[in-house]
Amino acid sequence: MGKAVLPSTSDLTTLETDILQEIAEAHDLNALENTRVAALGKKGRISALMKTLGQMAPEERKAFGQSVNKIKLTVSEALDMRKADLAHAAMSERLATERADITLPVRPGALNDGRIHPVSQVMDEITEIFADMGFSIAEGPEIETDDYNFTKLNIPKEHPARQEHDTFYLADRDDGTRLVLRTHTSPVQIRTMEANDPPIRVIAPGRVYRCDSDQTHTPMFHQVEGLVIDEDTHMGHLKWVLEEFAKSFFEIDNVEMRFRASHFPFTEPSMEVDIRYSKRGDELRIGEGDDWMEILGCGMVHPKVLEHVGYDPKKLQGFAFGVGIDRLAMLKYGMPDLRAFFAADLRWLKHYGFRTFDVPTLAGGLSS
Ligand code: PHE
């Protein structure tokens, strides 16, 4: 083998320049890896040079070996730098192409077309207000026993109040008892007191049923019950809570409320509360006008009711209220006919309904 086949110093320089150029031109991580293998791999060009060392004279071998090692180092460094650059570029590209613009408006579609029913909206608004006052949520069944709907609330059998409730009865059961569709949310008072020790501070929103239908009555409607029991809760607290609630709910300061003496078997004394409003054509407005709409019944929980749940009326007292949610919705959003609420007319829902993402909060505005 002649000397001529051995690479010269200028060959080394050309090789280095070639490889560095290839590295610079590698346009992605794959191409770069191919370049690396072609240069430094077992059968790569630099490795091939090392194999020629054996044929060289010892003096030559040393200097040549050092030169090859230098190239190896330079090439390795260039590979590392290019690799870091390409990885960075790949990441930047992903960030640019996979970016989500969260400020874009919602696309047309179900989420945007759908509307929250005003009753659901108003329930959320009410819940938000009472949660802020420290009330928690209680629930009870819509199919109730006669006992919970009436007897435990101090409405014994044959009491005239039973007729006033226009009750939907289910068929008698074998044991002679019967179930009813609850005529009010007040049975949740009993269930809550039976299951919890005082102090109590709850609201209970839900559906109730009465056999009745006209412009302001439907056979199914919604109430929210309120119950506060403690050792020295009094009527001043009741009035304050209702007034604060009305101001927050209607989002105006001049809500005029009228407290009228009334009668409920489960409260003593009892009151009904009306709100001043006006009706112009098909529009309802609150805080003005000569009409009054009854929105709730309330009072101090009757000692007999406390006794029925095992509370000591000498130590404990409190108040309860039952608000008509649909009536509140009519007043606040100016909807004149309650029956339209449950007619499932999409045009009505589009007009009076609320957007899915407009969740009522006290901080962000209840109905904004
Ligand atoms: N349950 C009563 C009704 O439906 C309202 C009410 C609740 C009255 C709580 C007093 C206390 O008319």
Side-chain angles (χ1 to χ4, degrees), residues 119 123 126 130 135 137-142 144-156 159-168 180-193 200-212 216-230 233-235 237-243 245-246 257-275 292-306 308-309 311 313 316-328 338:
V119 170
M123 277 205 193
I126 294 172
F130 281 108
F135 284 69
I137 308 276
E139 278 182 322
E142 289 173 29
E144 260 301 1
T145 63
D146 202 285
D147 210 30
Y148 278 101
N149 197 75
F150 296 119
T151 318
K152 287 190 159 139
L153 285 162
N154 199 30
I155 316 177
H159 191 287
R162 290 201 175 202
Q163 265 87 64
E164 285 163 29
H165 275 223
D166 303 306
T167 313
F168 287 111
V180 302
L181 296 185
R182 68 177 178 190
T183 57
H184 51 178
T185 41
S186 298
V188 186
Q189 289 185 33
I190 304 292
R191 291 181 177 276
T192 305
M193 289 190 281
I200 303 269
R201 201 189 286 173
V202 294
I203 56 163
R207 293 193 183 102
V208 300
Y209 302 84
R210 288 185 202 175
C211 189
D212 200 355
T216 50
H217 296 88
T218 49
M220 186 282 296
F221 60 104
H222 301 83
Q223 287 189 335
V224 58
E225 194 77 9
L227 177 67
V228 174
I229 303 285
D230 208 336
T233 304
H234 56 71
M235 230 156 63
H237 297 133
L238 167 60
K239 200 163 176 248
W240 182 86
V241 164
L242 292 176
E243 282 173 351
F245 165 71
M257 298 174 100
R258 180 167 80 175
F259 287 76
R260 275 184 294 110
S262 182
H263 177 264
F264 299 103
F266 37 92
T267 47
E268 181 58 37
S270 304
M271 288 164 295
E272 281 176 311
V273 177
D274 308 326
I275 291 220
W292 294 91
M293 193 185 287
E294 182 201 321
I295 57 153
L296 67 92
C298 62
M300 300 304 292
V301 177
H302 198 290
K304 282 232 171 100
V305 173
L306 296 174
H308 288 160
V309 299
Y311 282 10
L316 294 166
Q317 59 183 40
F319 61 80
F321 55 84
V323 187
I325 294 179
D326 318 81
R327 299 273 185 95
L328 287 184
L338 183 57

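Computed from heavy atoms alone, side chains included, the values below leave out hydrogens, waters and symmetry copies. For ligands, and for the atoms within them, numbers begin at 1 and follow the listed sequence.
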> Where do Arg210 and Phe221 come nearest, in terms of heavy atoms and distance?
NE-CZ, 3.9 Å
> Would you mind listing which atoms of ligand 1 come within a distance below 4.0 Å of any non-hydrogen atom of Gln223?
3 (C), 4 (O)
> Hey, is Phe266 one of the residues with a heavy atom under 4.0 angstrom from ligand 1?
yes
> Which ligand 1 atoms, with their elements, are less than 4.0 angstrom from a heavy-atom of Ala320?
9 (C), 11 (C)
> Looking only at protein heavy atoms, identify the closest one to atom 9 (C) of ligand 1 and say how far it is in Å.
Glu225 OE2, 3.3 Å
> Is His184 close to ligand 1, meaning an N/O of one under 3.5 Å from an N/O of the other?
yes
> Locate the shortest heavy-atom distance separating Ala204 from Val188; write the atom from each residue and the value.
CB-CG1, 3.5 Å
> So is Arg210 close enough to ligand 1, meaning a heavy atom under 4.0 angstrom away?
yes
> Please could you name the atoms of ligand 1 that Ser186 approaches to less than 4.0 Å, counting only its heavy atoms?
1 (N), 7 (C)
> May I ask you to establish whether Arg182 and Tyr148 are in a cation-pi arrangement, using a distance under 6.0 Å from NZ or CZ to the six-membered ring centre and at most 45° from the ring axis?
no
> What part of Cys298 sits under 4.0 Å from ligand 1 if we count only heavy atoms: the side chain, the backbone, both or neither?
backbone
> Would the distance check show the side chain of Gln317 and the main-chain N or O of Thr233 forming a donor-acceptor pair, the cut-off being under 3.5 Å?
yes
> In the structure I gave you, are the side-chain heavy atoms of Asp274 and Ile295 within less than 4.5 Å of one another anywhere?
no
> Can you tell which of Val224, Ile126, Thr185 makes a side-chain contact (heavy atoms from CB on, under 4.5 Å) with Val323?
Val224
> Look at atom 6 (C) of ligand 1 and say which protein heavy atom is nearest, naming residue and atom and giving the distance to 0.1 Å.
Gly297 O, 3.5 Å
> Any chance the rings of Phe264 and His184 have centres within less than 6.0 Å?
no
> Give the atom numbers and elements of ligand 1 that come within less than 4.0 Å of a heavy atom of Gln189.
9 (C)
